[in-house]
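Sequence lines set the chain letters: A, B, ... in the order given, protein chains first and strands last, and positions in each chain run from 1. In what follows, every heavy atom counts, from backbone to side chain, and hydrogens, waters and symmetry copies are set aside.
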Protein chains: 2
Amino acid sequence: MEKFDICVHFLLAKALQRVNQVSKSKLASYGVTPVQFALLRRLWEKDGQFGYALAEQLLMDSATITGIIDRLEHNGFIERRMDPNDRRNKLVFLTEKGKSMEVSLCEKMDEMNKEVMSDFDVEEIQQFKKVLFKIGISNTNMGV
Amino acid sequence: MEKFDICVHFLLAKALQRVNQVSKSKLASYGVTPVQFALLRRLWEKDGQFGYALAEQLLMDSATITGIIDRLEHNGFIERRMDPNDRRNKLVFLTEKGKSMEVSLCEKMDEMNKEVMSDFDVEEIQQFKKVLFKIGISNTNMGV
DNA sequence: CACGAATTACTTGTATACAAATCATCTTGA
DNA sequence: TCAAGATGATTTGTATACAAGTAATTCGTG
């Protein structure tokens with residue numbers, strides 16, 4: 001069993017790949033991708049946010065955010081509005097369609113979570129998340 | 001500290017992002033990306049492999065492999081040769097340049113591993129890898 | 001007040017990632 | 001043997017991801 005000698009990089013990539021695949025299939029019928037869901041969730045928590053604020057929360061490049069907002073807007077989930085106080089900024093708001101999907105989409109992602117993490121008990125998951133957090137977030141110059 | 005209530009999907013994505021960034025910066029001066037390194041490593045183990053075999057080992061789509069091989073070939077690390085026995089196949093071989101880089105690149109990736117995983121002891125890493133493995137690989141129809 | 005610095009969103013270019021379709025080739029079964 | 005299906009690599013189209021650069025706007029300092 002030298003299975004766990006596999007490089008962490010590879011294992012991380014494949015674990016994410018799997019989670020992405022399950023998420024994608026759960027969300028597909030709604031026309032939303034996993035990353036788009038992550039952005040929507042921020043808006044369900046607090047509607048009307050600046051692009052740079054969303055980028056910060058999602059630890060993403062502003063170029064990436066632009067593309068994701070483009071597609072969500074094109075599909076009618078959100079809309080951009082100019083900030084009247086600072087015309088450099090654009091505020092992102094949910095549309096009615098975007099608001100109405102919160103419950104269904106969150107349910108689907110709960111299903112995903114159960115499906116992917118069902119092999120582990122609470123303690124294992126906590127420890128696992130702690131390591132992920134240290135690797136990916138707390139060691140960075142980025143926000144928490 | 002409700003930090004670890006963060007969705008596993010997000011934590012995984014950010015941990016991989018971090019590992020990718022460190023790997024990329026270590027490899028950048030050699031003109032190789034992290035994914036390209038993973039493919040090269042398979043060839044250092046066994047030179048002259050079929051595209052589909054590499055795709056299998058790396059758990060990647062054949063379309064993705066084509067692009068990676070394209071770029072590695074374009075940069076002179078590998079070359080494609082027709083399989084004389086079955087002209088559908090193409091064999092991928094290291095060039096001298098590709099062979100000569102094994103030691104330097106592996107050293108760099110060892111550095112990356114130390115940098116990213118230095119906060120954890122052997123036991124923690126083993127347990128962490130076990131969870132990653134179960135999520136990403138053993139639960140799949142894909143090979144081990 | 002004016003001009004340079006900073007900020008935000010966006011654009012461009014490159015690299016994964018994968019689904020779906022295509023092309024060439026091989027294999028198999030009638 | 002020959003048509004039907006399988007197989008492997010590639011192409012095309014879409015979606016992240018990020019570096020680097022740009023345009024518009026605002027801020028800060030003299």
Nearest to the side chain of A/A63 - D/dT10, D/dT16, D/dA19?
D/dA19
Roughly how many Å is it from CG in A/D86 to P in C/dA6, rounded to a whole number?
17 Å
As a test of reading the structure: which of D/dT10, D/dC18, C/dT16 is closest to the side chain of A/D61, going by heavy atoms?
D/dC18
Under 4.0 Å, heavy atoms only, any strand: does A/G67 hit a base, just the sugar-phosphate, or nothing?
nothing
Give the nucleotide from the list C/dC26, C/dA9, C/dA6 with an atom nearest to the side chain of A/R88.
C/dA6
What's the shortest heavy-atom distance between A/R80 and A/T66, and which atoms?
NH2-O, 3.5 Å
Atom-pair distance (CG on B/N20; C1' on D/dA17), nearest Å
10 Å
For the side chain of A/Y52, starting at C-beta, report the closest nucleotide among D/dA9, C/dA9, C/dC18.
C/dA9
Below the 4.0 Å mark, does C/dT16 have OP1 or OP2 next to a side-chain nitrogen or oxygen of B/T33?
yes
Looking at A/Q17, does any N or O in its side chain come under 4.0 Å of the phosphate oxygens OP1/OP2 on C/dT16?
no
In whole angstrom, what separates A/K90's NZ from D/dT25's C1'?
12 Å
I want to check one thing: is the phosphate of D/dA9, taken as OP1 and OP2, less than 4.0 Å away from some side-chain N or O of B/R87?
no
Could you give the CZ-to-P distance, from A/F50 to C/dA9, as a whole number of Å?
8 Å
Between A/A13 and A/S62, which residue's closest nucleotide on DNA chain C lies nearer the 5′ terminus?
A/S62
Let me know the distance between CD of B/Q21 and P of C/dA15, rounded to the nearest Å.
17 Å
Base, sugar-phosphate alone, or nothing: which one does B/I69 contact when heavy atoms must sit under 4.0 Å apart?
nothing
Do B/H9 and A/N113 pair up side chain to side chain, a donor and an acceptor below 3.5 Å, judged on atom types alone?
no
Nucleotide nearest B/K24 (side chain, heavy atoms from C-beta), chosen from D/dT16, D/dC18, D/dT11:
D/dC18
Among C/dT25, C/dA15, D/dA9, which nucleotide sits nearest the side chain of B/Q36?
C/dA15
Expressed as a whole number of angstroms, how long is the span from B/E56:CD to D/dT7:P?
12 Å
SB check A/R41 A/E102 (cutoff 4.0 Å)
no
Measure the distance from CD on B/Q49 to C1' on D/dA9 and round it to the nearest whole Å.
16 Å
Could you check how far CG of B/L72 sits from P of C/dA15, rounded to whole Å?
10 Å
Are B/F128 and A/F128 close enough that their ring centres sit under 6.0 Å apart?
yes
Below 4.0 angstrom, N of the basic side chain to O of the carboxylate: do A/K114 and A/E111 qualify?
no
